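Reviewing the structure listed below.
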Amino acid sequence: MVYADGTPKPNIFPTDELTALNGKNGVSVDRCELLGDPARLLRQKADEMANPAAERIPWGYCIGKAEQIRLIAIADNESQQAFKICPDAVASARTPRPWDLAHAIVVKFDNSCTRAQMRGVRDKLMQAFSCKTKFR
């Protein structure tokens with residue numbers, strides 16, 4: 001889901017997830033400011049999420065700033081916000097993880113944003129996640 005230089009590929013942000021408005025269907029992110037030791041915890045999470053059988057390796061994370069995500073506007077209406085970030089803590093009573101409370105989802109700002117508009121701003125979202133952290 002990332003190119004060799006660590007920047008995200010477009011499929012990292014599926015249109016179906018970008019067009020979600022509510023619920024659990026948005027783009028899954030972690031709010032690093034809520035993690036006590038982000039570098040250690042993100043590495044641990046990447047290792048746990050790795051699945052060689054599915055060709056998922058614990059390469060690292062793309063880091064973005066919430067402020068940049070919120071500033072992304074719909075191309076044909078530069079005053080219309082495209083995305084919002086909704087807290088979405090993982091409720092796992094069996095085996096809570098240190099990053100569960102930091103979970104959030106990125107969804108379209110409101111119903112007026114169309115599927116085509118979301119595809120149109122996906123590049124801007126990818127640019128917001130252009131800072132990378134490499135673990136290996």
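The basis for the numbers below is simple: all heavy atoms, side chains too, and nothing from hydrogens, waters or symmetry mates. Keep in mind it's a predicted model, so treat the numbers as computed, not measured.
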Point to revise | Minimum side-chain heavy-atom gap I72-Q81 below 4.5 Å | key: no
**Study point:** side-chain hydrogen bond (donor to acceptor under 3.5 Å, both in side chains) against Q68, all qualifying residues, sequence neighbours excluded
**Key:** none
Point to revise | Point-to-point distance, once rounded to the nearest 0.5 Å, from CG of L101 to CG of D30 | key: 11.0 Å
Exercise for review: Let me see the working for K108 and L18 under side chain to side chain contact (heavy atoms under 4.5 Å, CB included), right down to the final yes or no.
Suggested key: CA-CA 6 Å; K108 69 180 180 175; L18 291 178; over 6 Å; no
Point to revise | For K124, salt bridge (Lys or Arg N to Asp or Glu O under 4.0 Å) partners two or more places apart | key: E78
Review point. Among all residues two or more places apart in sequence or in another chain, which pass the side-chain contact (heavy atoms from CB on, under 4.5 Å) test with S112?
Key: Q80, D110
Practice item. Look up atom NE2 in H103 and atom CZ in R97, then write down how far apart they are to the nearest 0.5 Å. Key: 14.5 Å
**Study point:** Minimum-distance pair of heavy atoms, taken over all atoms of L35 and P98
**Key:** CD2-O, 4.1 Å
**Study point:** Hydrophobic cluster identity match, L34 and L41, side-chain contacts under 4.5 Å
**Key:** no
Got a list of side-chain donor-acceptor pairs under 3.5 Å for residues 115-123, not counting sequence neighbours?
| from | atom 1 | to | atom 2 | distance (Å) |
| --- | --- | --- | --- | --- |
| R115 | NH1 | D16 | OD1 | 2.9 |
| R115 | NH2 | D16 | OD1 | 2.8 |
| Q117 | OE1 | T114 | N | 2.8 |
| Q117 | OE1 | T114 | OG1 | 3.3 |
| Q117 | NE2 | D76 | OD1 | 3.1 |
| Q117 | NE2 | D76 | OD2 | 3.4 |
| R122 | NH1 | F13 | O | 3.1 |
| R122 | NH1 | T15 | OG1 | 3.4 |

Exercise for review: Nearest 0.5 Å please: distance from the CD1 atom of I69 over to the CZ atom of F83.
Suggested key: 8.5 Å
Practice item. Give a yes or no on this: more than 12 heavy atoms of other residues, nucleotides or ligands lie within 6.0 Å of atom CD of E67. Key: no
Check your understanding: Does P87 reach the side chain of R31, with side-chain heavy atoms less than 4.5 Å apart?
Key -> yes
**Study point:** Heavy-atom closest pair, residues C32 and P38
**Key:** O-CG, 3.8 Å
Study note, to complete from the structure: Residues at least two apart in sequence or cross-chain that pass salt bridge (Lys or Arg N to Asp or Glu O under 4.0 Å) with R70, listed by chain then number, are none
Check your understanding: Where is the tightest heavy-atom contact between S28 and I105, given as atom of each residue plus distance?
Key -> CA-CG2, 4.4 Å
